[in-house]
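These numbers were taken from a predicted model, which means no experiment stands behind them. Every number for a ligand or one of its atoms is a count from 1 in the order of the listing.
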Amino acid sequence: MQAWAGEVRIQKQSVGFVPTMGALHEGHLSLIREAHKKADKIVVSIFVNPTQFGPHEDFKNYPRTFEKDQKLLIQEKVDVLFYPDAHSMYEEGFQTNIVLTELSKPLCGELRPGHFEGVATVVLKLFNIVKPHFAFFGKKDFQQFLIIEKMVEDLNLDIHVVPCALIRDEDGLALSSRNKRLSEEERKRALVIPRALKMCQEFYQKGIKNVAQLQSKVLEFVDKEGDLNIQYFEIRDAKTLESIEEIQKPTVCAIAAYVGNVRLIDNLLLGEKNDSV
Ligand code: AMP
């Protein structure tokens, strides 16, 4: 992989990189299409990274659809599919990890200890292997995007991180590989998640800027309508993820919930023209 990337660079062509965990859907494909707009050669990785899953999380049950993914990547004219196995990514004796501070503390970081360190470490390894000029990340995983963007800045990586729009299904549910694990009935229940975000946006557009007020109105709706186990519903500064009392600057509304035993996340940027449910 490194030799190929080195050769492409010698030929003065640019490398665009889309890291994924496979079970590809239109969300992933939208990142690849963005990559084609910016880079000459496109690399997609599929690696279900064991170090970012907690001991009781769904590493074993994570959807794996390699044959189908491979076909999609050929259709999307991807130049390289990088598909390493866990043993070659983490050879015996592996002992180096990225340590993260502020951005990884709240939201998913609080509920999934070690998750973002696992993500940052594997992404840095992948960057060193694929040597991209551009790397594409979906705003579906908003906290992850902020953390990677900060890592690239803090560690002086010569990579342009490109944020890409969150893609939803027609019914509003954010596309996710984990949606494959929902039963029909669970999928219907999951729709409360995008509806809660939409409701938050509507209250905001009507002029409610107070975070506690917005939060209680939305949680009341979720309690009444939903049969979900909400892990968090938070409204935070969209750059720092710090708590806020009043919405003045760009703000993210983020939600995580279990539907059955499937954990889903979603978010909405308040005040951004193109962001809606
Ligand atoms: P994953 O395979 O879930 O690790 O995701 C790989 C990349 O695809 C990450 O940058 C995700 O943020 C992005 N992604 C996943 N789902 C979506 C979506 N619905 N819309 C946009 N990007 C997404």
**Student:** Should Asp171 and Arg187 be marked as a side chain to side chain contact (heavy atoms under 4.5 Å, CB included) after you check the CA-CA gap, both sets of side-chain angles, and the distance that decides it?
**Tutor:** CA-CA 10 Å; Asp171 56 10; Arg187 209 199 134 87; 2.7 Å; yes
**Student:** Which atoms of ligand 1 are found less than 4.0 Å from any heavy atom of Ala165?
**Tutor:**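 Listed by number with element, the hits are 20 (N), 21 (C).
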**Student:** Between the side chains of Lys37 and Glu34, is the shortest nitrogen-to-carboxylate-oxygen separation below 4.0 Å, so that they form an ion pair?
**Tutor:**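 Yes, charged N to carboxylate O under 4.0 Å.
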**Student:** I'd like to check which ligand 1 atoms, numbered from 1 as shown, lie under 4.0 Å from a non-hydrogen atom of Leu31.
**Tutor:**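 Per the distance check, 7 (C), 8 (O), 10 (O), 13 (C), 22 (N).
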**Student:** Test of understanding: given a 4.0 Å heavy-atom threshold, classify the contact between Lys139 and ligand 1 as side chain, backbone, both, or neither.
**Tutor:**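 The answer is neither.
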**Student:** Less than 3.5 Å between some nitrogen or oxygen of Phe137 and one of ligand 1, yes or no?
**Tutor:**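 By distance alone, the answer is no.
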**Student:** For atom 2 (O) of ligand 1, state which one of Glu34, Gln52, His28, Arg168 supplies the nearest heavy atom.
**Tutor:** His28
**Student:** Does the N or O separation between Leu175 and ligand 1 drop below 3.5 Å for any pair?
**Tutor:** yes
**Student:** Does atom NZ (Lys198) have a neighbourhood of more than 12 heavy atoms from anything else shown, all under 6.0 Å?
**Tutor:**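 No.
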**Student:** Could you tell me whether Ala174 and ligand 1 have an N or O pair separated by under 3.5 Å?
**Tutor:** no
**Student:** Exactly one of Arg112, Arg263, Arg178 should register a salt bridge (Lys or Arg N to Asp or Glu O under 4.0 Å) with Asp58. Which one does?
**Tutor:**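 Running salt bridge (Lys or Arg N to Asp or Glu O under 4.0 Å) over Arg112, Arg263, Arg178 with Asp58 returns exactly one hit, Arg178.
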**Student:** Do Asp40 and Lys12 meet the salt-bridge criterion of a basic N to acidic O distance under 4.0 Å?
**Tutor:** no
**Student:** Judging by distance only, is a nitrogen or oxygen of Ser177 under 3.5 angstrom from one on ligand 1?
**Tutor:**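 Ser177 vs ligand 1: no N/O contact under 3.5 Å.
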**Student:** Going by the side-chain contact (heavy atoms from CB on, under 4.5 Å) test, name the single residue among Thr51, Thr96, Asn49, Asn97 that passes it with Thr121.
**Tutor:** Asn97
